[in-house]
Amino acid sequence: MRVCVVGAGGREHALADALSRPGHDVVVTPGNPGIPWSVATPPEEVDGDLFVIGPEVPLVEGLADRLRAAGRLVFGPGADGARLEGSKRWMKELLVEAGVPTARHGSFTDPGEAIAFLETLPPPYVVKTDGLAAGKGVLVTPSLAAAADDVRAKLSGSSFGQAGRTVVIEEGLTGPELSLLCVCDGRRAVPLAPAQDFKRLLDGDEGPNTGGMGAYSPVPVAGPDVVAEVMASAVEPTMAALRARGIDYRGVLYAGLMLTPAGPRIVEYNARFGDPEAQVVLPRYTGDLARLLAEAAQGELRAAPVWDERAAVTVVLAADGYPVAPRTGDPITGIDEAAALPGVTLYSAGVGPGRTTAGGRVLDVTALGEDLPEARRRAYEAVSLIDWPGMHYRRDIAGPAESQAEVRT
Ligand code: AMP
């Protein structure tokens, strides 16, 4: 099979790596200079048997629809299904309609009404942009004044432009977070191995939200019982609600959850593989991923996902100034030495020509190990060999509380 992966980051590198494994041809468009399969040809002009769309923006803008209209086999929802990620307001309406457990919330365009609703909630306060904001449009704060300021900045368009002109305000939830990525064929949804990602910039979950600073899989608190509960209470009713709206959802339905004392609650849905969750889930996939995604794209999932029992940990290395104003053009050293360590794979998120930094998130260092502590040790050993001016990363990915717990697939 010749598979075309659309996108330019670490997730697409991990996708290409996993899709190529049982002997398939892969191209990545546009990719980046650190991804070996990169081509400049636009997706519409690539000759492929299967198209896998990585990022949310082209999905929301209807790339899957355009490729399907041209007769291509596509893994990724059309613009109708991608609204789950493109509009949090719409997503929340669908969840309520489907009876899926989620945080109490309201959607607003008027600052006075929004702030009046905030005042009815206990802290922490959660304010989200309705539209896409690269994972950065969510404020969680104990301060009512800070939440009210954020509402005003978002609704006025000054902080997130059009994406913030509607806000969703939610009650604050507590508990471990979980990412459950499901492969969907329009009717059925099959869960992949659970992962946990780290959205905040700094150790101890401090600092601003980012696109993601690391991840690990499996997740000790998410055994088969939790996965079964999430499928029955959230994913399957969501698929049914999409179908009821005439939406034939073929792609990844990414359930972002919080495991609260009252049970799992959906925090968000995404319409694609998570980045960096893909970098820990896909290296553990031992089946023919291209076949699985092609079956989903054809509307007839048959293959059952199969997993490497080993654990995977990814540490994201970020450029100076990320996430606000990343500096680019710094020379990177140690890539070959790090990649030569046992169990270690480097995914290129933002590597430019001549191995320089070319984005906010630059390299994803993934390691497989017999258990989470070993995978974590290997990942950080590889990280210690890599350097550039201003490089920064979290030192607490998968550690120690998570990695010492009992591991289940
Ligand atoms: P989202 O983009 O909706 O996934 O939100 C980004 C991050 O903000 C989540 O991964 C959580 O860490 C946090 N968050 C979102 N919604 C809530 C909530 N209702 N309560 C507490 N934290 C939240």
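Counting starts at 1 for both ligands and their atoms, in listed order.
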Novice: Below 4.0 angstrom, N of the basic side chain to O of the carboxylate: do E170 and K92 qualify?
Specialist: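 Here E170 pairs with K92 in a salt bridge, since their nearest N and O are under 4.0 Å apart.
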Novice: Write down, by chain and number, every protein residue that brings a non-hydrogen atom to less than 4.0 Å from an atom of ligand 1.
Specialist: K88, V126, K128, V138, V140, E170, E171, G172, L173, E177, K199, N209, M258, V267, E268
Novice: Less than 4.5 Å apart, side chain to side chain, heavy atoms only: is that true for R68 and F51?
Specialist: no
Novice: Is the NZ or CZ atom of R378 positioned over Y380's six-membered ring, under 6.0 angstrom from the centre and within 45° of the axis?
Specialist: no
Novice: With no hydrogens and no angle check, do the side chains of T314 and T366 hold a donor and an acceptor under 3.5 Å apart?
Specialist: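 Short answer, yes.
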Novice: In terms of side-chain geometry, is the basic nitrogen of D371 or R377 positioned less than 4.0 Å from the acidic oxygen of its partner?
Specialist: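 Salt bridge between D371 and R377, a charged N being under 4.0 Å from a carboxylate O: no.
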Novice: Check E295 with R291, please: is the shortest side-chain N to carboxylate O separation under 4.0 Å?
Specialist: yes
